[in-house]
Amino acid sequence: MSASDPAPEPDASVTSDAPTPTPASDKASRLGLVLFVIYLLLYGGFVLLNAFRAETMDTIVFAGLNLAIVYGFALILVAIGMALIYGMKSVDEPEATEASE
């Protein structure tokens, strides 16, 4: 293909089959982004604490467990909780899109 060849035209059938966003999918996307930012801040705090105040992670917090262990398990539990929240909030999406058709 040379530089003087015209660019191929996009196939109209490909672009028309793309699903249009619905208000329910917009709401689920927004919720997903909010949950992501919250988790990013929590995880970023964990990483920064380890990087710049590593001695703080040795502090015994609960039942003989240090802060690193408690914070790490808390991150796991928060991730599971956020996944459950997202799943419960976005489960209504298919019903909303079927009702609008």
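Just so you know, these numbers come straight off a predicted model, no measurement behind them. Throughout, residue positions are numbered sequentially from 1 according to the sequence presented.
Rounded to the nearest 0.5 angstrom, I76 CD1 and I80 CD1 are separated by 7.0 Å. The structure places CD of E55 at 10.5 Å from CG of N50, a figure rounded to the nearest 0.5 Å. Atom NZ of K89 is separated from atom CG of L35 by 10.5 Å, given to the nearest 0.5 angstrom.
Qualifying side-chain contact (heavy atoms from CB on, under 4.5 Å) partners for L49, counting only residues two or more places apart in sequence or in other chains: R53, T56, M57, L67, Y71. By the side-chain contact (heavy atoms from CB on, under 4.5 Å) test, Y43 pairs with Y39, F46, V47, L75, sequence neighbours left out.
Other cluster members for F52: L48, joined by side-chain heavy-atom distances under 4.5 Å among Ile, Leu, Val, Met, Phe, Trp and Tyr.
Placement of F62 and I60 in two distinct hydrophobic clusters is found when ILVMFWY residues are connected by side-chain heavy-atom separations under 4.5 Å, directly or transitively. L77 is not connected to L40 by any chain of hydrophobic side-chain contacts under 4.5 Å among Ile, Leu, Val, Met, Phe, Trp and Tyr, and they are in different clusters. When the side chains of ILVMFWY residues are joined at heavy-atom separations under 4.5 Å, either directly or via intervening members, F36 and L31 end up in two distinct hydrophobic clusters.
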